[in-house]
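As structure tokens, the structure follows; a few thoughts come after it.
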Amino acid sequence: MASRSQELERALVARVGPAVEEAFRESLPAWFDGVRRPMPWREGGADGRRDPYRVWVSEVMLQQTRVETATPYFERFVEAFPTVAALAAAPQDRVLKLWEGLGYYSRARNLHRAAGVVVAEHGGAVPDTEAAFRALPGVGPYTAAAVLSLAFGRPLAVLDGNVIRVLTRVFAVEADAKAGPTRRALQTLADQLLDTDDPGRFNEAVMELGALLCTPRSPNCPNCPLNGVCAAYAEGAPERYPVTSKAKPVPHHTVVVAVAADGAGRLLIQRRPEDAMLGGLWEFPGGKQEPGETLAETCRREVREELGVEVEVGRALARVEHAYSHFRITLHAFRCRLAGGEPVSASGEPIRWVQPESLDDYAFPRANRRVIEALQAEVRQPRLL
DNA sequence: AACCCGTGGGA
DNA sequence: TTCCCAAGGGT
């Protein structure tokens, strides 16, 4: 009894004939050479080869992130940490500060950890075999195939969102593109199509096609080098693919944070646990409003629970709407004053009193950064009451 | 397998 | 405004 992925695999691979192979291995790379966008991690060194470390950093930053968004982060990051050894030697706070605003912060923590492993176990050289590189934290099937093909010429086909979109269209795949069996079948298909003479060029060509022409909403089929072999184009409705299940509704929470100052005007911040969401970043103490609570009550309870001290809640400082990956919040920030006692973190995480100007030295999540912006705007234009 | 994990931009 | 989703990985 064949599994669903095996059945789909056979059906797809059976459709790979000379015309399809020529389209993917000749027409597509030729098109790519003409439109290839310059990117800082695409520059080769004196020997014409790319620095595996820079390719690696770029691929991690590009996970679920647009090229335009990642590019300035990449420039600053490799400037600060030019080598694996430099990254491994850096304190995590500094790594997270350079990642601030890019999101999915476990990527930064894992990359930092992985750099330590590369130094400790591979003499600082990025592993050039699939098994060794894949074993590093934060390196999954996509990143392994991307780095090893682009930097070392290994014959591994990438399967990312672009490739999934291109393949499900060319082959008119009706199955749920995100489901495991479908992904496995598409990986096999990509492996089959891969041009082993220049895997890096092939992989980048498919991804560039997905980014520039075979886009989710309104694909530019008339200019596509694959339109002669594309089933979705022949059907006349390429945007119907890939087929995916509907996203489930996201919950909404009301969150309150305390911007508490001491006599010297310093503000109280705390670091989030490493294994939590936004792990390792700093924030103002606070938390979710519970049913029946006023905002001030939430503020007092959260500070009491987290730091063991009472606060007097002052006036509202900011109201921030923010969407995370799987829920939304409305965040209310209040000026607060400690009513006595020294705050002690109940979770054991570091807390710190810092001058408002020094807040820029710490990595904060976006919503907290909005609160800081409101704080700084107030300094420039003080309230008169 | 299903869920968790950020953010910004475009339609 | 709301929704989608972008060079995914971990659990």
Side-chain angles (χ1 to χ4, degrees), chain A residues 4-5 32 37 39 41-42 55-74 96 99-111 113-114 133-150 156-166 176-184 187 190 200 202-212 214-218 239 242 244-252 272-281 283 320-329 363-370:
Chain A
R4 276 170 47 203
S5 59
F32 174 59
R37 294 171 293 174
M39 298 173 192
W41 50 86
R42 284 183 169 173
V55 174
W56 179 18
V57 170
S58 75
E59 289 302 341
V60 174
M61 286 191 172
L62 287 166
Q63 290 169 12
Q64 301 291 285
T65 307
R66 290 184 165 79
V67 169
E68 313 83 68
T69 303
T71 298
Y73 282 88
F74 175 84
L96 288 174
W99 209 272
E100 179 182 12
L102 198 52
Y104 286 130
Y105 299 94
S106 65
R107 293 182 297 174
R109 298 194 304 273
N110 284 333
L111 179 61
R113 267 205 301 148
F133 190 64
R134 182 75 172 75
L136 299 171
V139 177
Y142 166 78
T143 305
V147 173
L148 293 171
S149 66
L150 296 174
L156 300 168
V158 299
L159 185 68
D160 74 329
N162 289 307
V163 181
I164 288 173
R165 196 163 54 252
V166 170
D176 183 348
K178 291 178 180 171
T182 313
R183 287 190 69 102
R184 284 191 288 278
Q187 180 69 61
F202 176 91
N203 281 332
E204 280 195 315
V206 187
M207 292 193 283
E208 200 84 330
L209 183 71
L212 297 182
C214 197
T215 55
R217 296 254 171 26
S218 48
E239 62 281 350
T244 60
S245 52
K246 279 197 293 285
K248 65 175 200 176
V250 297
H252 176 273
R272 295 181 55 82
E274 178 124 358
D275 58 354
M277 177 181 174
L278 304 167
L281 276 66
E283 67 179 2
V320 178
E321 300 290 340
H322 189 75
Y324 293 104
S325 54
H326 56 295
F327 65 95
R328 296 180 299 111
I329 66 165
F364 283 88
R366 197 76 180 104
N368 268 255
R369 194 43 82 182
R370 296 291 191 212

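In what follows, chains are A, B, ... by sequence order, proteins preceding strands, each numbered from 1.
At a non-hydrogen distance threshold of 4.0 Å, Gly101(A), Leu102(A), Gly103(A), Tyr104(A), Tyr105(A) from residues 99-108 of chain A come into contact with DNA chain B.
Taking 4.0 angstrom as the limit, Arg109(A) places none of its side-chain polar atoms (N or O) nearer than this to OP1 or OP2 of dG10(C). A close approach under 4.0 Å does occur between a side-chain nitrogen or oxygen of Thr143(A) and OP1 or OP2 of dG9(C).
Of the listed nucleotides (dT7(B), dG8(C), dA7(C)), dG8(C) has the atom at the smallest distance from the side chain of Gln64(A). Listed candidates were dG9(C), dA7(C), dG10(C). Nearest to the side chain of Pro141(A) is dG9(C). Among the nucleotides dA7(C), dG6(B), dT7(B), the one closest to any side-chain atom of Asp160(A) is dA7(C).
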Full working for ring pair (Phe, Tyr, Trp, His ring centres under 6.0 Å) between His326(A) and Tyr324(A): CA-CA 6 Å; His326(A) 56 295; Tyr324(A) 293 104; 7.8 Å; no
Candidate pair Arg42(A) and Glu208(A), rule salt bridge (charged side-chain N to carboxylate O under 4.0 Å, His left out), full reasoning: CA-CA 13 Å; Arg42(A) 284 183 169 173; Glu208(A) 200 84 330; 3.2 Å; yes
Every protein N/O within reach of nucleotides 2-4 of chain B N/O, cut-off under 3.5 Å:
none

Scan nucleotides 2-4 of chain C against the protein and return all N/O pairs shorter than 3.5 Å with their distances rounded to 0.1 Å.
none

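Going from atom CZ of Arg184(A) over to atom C1' of dA1(B) covers 10 Å, rounded to whole Å. Rounded to an integer number of Å, the gap from CZ of Arg66(A) to P of dG9(B) is 9 Å. Computed from coordinates, the Glu204(A) CD to dA7(C) C1' distance equals 10 Å when rounded to whole Å. Rounded to whole Å, atom C1' of dA7(C) lies 9 Å from atom CH2 of Trp41(A).
Nucleic acid contact class of Val67(A) (heavy atoms, under 4.0 Å, all strands): base. Note on Arg113(A): nothing from the nucleic acid sits closer than 4.0 angstrom, heavy atoms only.
Rounded to the nearest Å, the gap between the P atom of dG10(B) and that of dA7(C) is 14 Å. On the P atoms, dG6(B) is 14 Å away from dT11(C), given to the nearest whole Å.
In terms of position on DNA chain C, the residue among Pro216(A) and Leu136(A) whose nearest nucleotide sits closer to the 5' end is Pro216(A).
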